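Notes follow the structure.
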Number of protein chains: 2
Amino acid sequence: MKSISAILDTHGLRDTQSRRLVLKVLMQSKKPLSQKDIHACLAKEDRVVNLVTVYRILEKFRDVGLIHHSAGGVVFCSLEQADGHHVLLSCEECGVIEEYCDEELCKHEDRIAKRAGFFPTSHVSELIGRCASCHF
Amino acid sequence: MKSISAILDTHGLRDTQSRRLVLKVLMQSKKPLSQKDIHACLAKEDRVVNLVTVYRILEKFRDVGLIHHSAGGVVFCSLEQADGHHVLLSCEECGVIEEYCDEELCKHEDRIAKRAGFFPTSHVSELIGRCASCHF
DNA sequence: AAGTAAATGCAAAAGTTTTGCATTCGTATG
DNA sequence: CATACGAATGCAAAACTTTTGCATTTACTT
C-alpha cells in the first residue's frame, strides 16, 4: 500500500503534516466527512489542525481529484477507491450514513453519462430512507 | 393533474399562499433547489416569501415526504416523480446541474438497498464531472 | 362569525465558510 | 547543507447561512 506521503506526492501536493493528518482521517473513514467532522476527529486525538486549514486542504485535495464535493457544495470526502462506486445509505431517522460499493452501478451510470454527453470524474449515489434499525 | 392545494391537503398540510408558491416553484424546477434559490426565484416574480419561512416550509415538506434532503443536509428539492429516479449531472466547471431520469438505475438501487437491509424512500445519484460544453 | 392552533415575518443569535495578512515550513537551488 | 522562495498555516474578522424567540396574522373547526 502506498504511503500517505507518496499519495500527496503523486498528486503534486506538498507533504505537510496537516495534509498527512487530514488525508489519513479521510482514508480511514467509511463515510463522507464534513470539514468540521475532520477537524473534530483530529482534535479528539490531540492533533490540532486549524479548521480554516482543513477547508483549504480539502479545496486543494479536490483540485487534484483526491476527493469530491457534491452538488449542494457539501463535501463528500470518501477517497475514491479504484473504480469503486460510492453508494451512500443515508438514514433520515438516525442520521447515520453507510457507504457501499457497487461496480455494476458504476457502469450503468457511465452509460447514462455517455448518453447525455457528460464526462464524469466521479459518482455519488445516495439512498435516502431508513436503516435496518430505524425501520420498525 | 392534481392541484397544488390538493397536494398540500393530501399531505395533511395547511393550504397557505406561501406554501403554494414554494411548492409551485419546486414542481416546475428540473433541478434541486436550495432555500435561497427558491427565495430568489419567488422574489424575481415579486412574490416575496420570507427566507426564514422558506426554511420552515421545506422542513415541513420534508416531514411529510414531499421532498428530500441529502446526506450533507443540503436540500434536494426536486419533487419525487412517480418512481422516477433522479440522476444529477453536475458540472464542476460551470456549475450547471442537469437532471435525468432513469428507471433501470432506480431498480438497481432498490436491489442494493434490499441487500444492505435498507429501506429507501428516495434516491439521488450524482455524476460529477464536465458537461458537454465544458469538455474540450 | 369567533376561537384556536398553526404559520409567518422580523430581529437577532448561532453556526459555517471565506478572506486578508503575518508567520512558518517544505523544497529546489547553489 | 544553507539559503531563498513560494506555498501552507494560523489567527482574527468579515461574509454568509441557518436557527430561534416572539409578536402578529392566517386558515381551519365548530
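Here is the naming used below: chain letters follow the sequence lines, and residue numbers restart at 1 for every chain. Not measured: the values here are computed from a predicted model.
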From [atom1] of [X] over to [atom2] of [N], roughly how many Å is that when rounded to an integer?
{"X": "A:Leu33", "N": "C:dT16", "atom1": "CG", "atom2": "P", "value": "15 Å"}
{"X": "A:Lys60", "N": "D:dA7", "atom1": "NZ", "atom2": "C1'", "value": "8 Å"}
{"X": "A:Phe61", "N": "D:dA8", "atom1": "CZ", "atom2": "P", "value": "11 Å"}
{"X": "B:Ile57", "N": "D:dT26", "atom1": "CD1", "atom2": "P", "value": "14 Å"}
{"X": "A:Asn50", "N": "C:dT16", "atom1": "CG", "atom2": "C1'", "value": "14 Å"}
{"X": "B:Arg47", "N": "C:dT8", "atom1": "CZ", "atom2": "P", "value": "14 Å"}
{"X": "A:Arg19", "N": "D:dA8", "atom1": "CZ", "atom2": "C1'", "value": "6 Å"}
{"X": "A:Leu8", "N": "D:dA8", "atom1": "CG", "atom2": "P", "value": "11 Å"}

Measure the shortest side-chain to side-chain distance between B:Leu89 and A:Phe119 over non-hydrogen atoms and say whether it is less than 4.5 angstrom. no

request  = Decide yes or no for A:Leu66 and A:Leu26: does some side-chain heavy atom of the first lie under 4.5 Å from some side-chain heavy atom of the second?
outcome  = no

Taking C:dT16, D:dA8, D:dA12 as options, the one with an atom nearest any side-chain atom of A:Lys36 is C:dT16

Report all interatomic pairs (protein N or O, nucleotide N or O of nucleotides 25-30 of chain C) with separations under 3.5 Å.
residue, atom, partner, partner atom, Å
C:dG26, N2, A:Arg14, NH2, 3.2
C:dG26, N3, A:Arg14, NH2, 2.8
C:dT27, OP1, A:Asp15, N, 3.3

Could you pull out the closest heavy-atom pair between B:Val49 and B:His39, with the gap in Å?
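Looking at all heavy atoms of both residues, the shortest contact is O-CD2, 2.8 Å.
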
(message) Main chain of B:Ser34, side chain of B:Asp37: is a donor-acceptor contact present, judged purely on distance under 3.5 Å?
(response) yes

Does the B:Arg20 side chain pair with the main chain of B:Asp15, one donor and one acceptor, at a distance under 3.5 Å? yes

Under 4.0 Å: is that the gap between some side-chain N or O of B:Arg56 and OP1 or OP2 of D:dT19?
no

d(B:Asn50 CG, B:Leu42 CG) to nearest 0.5 Å is 11.5 Å

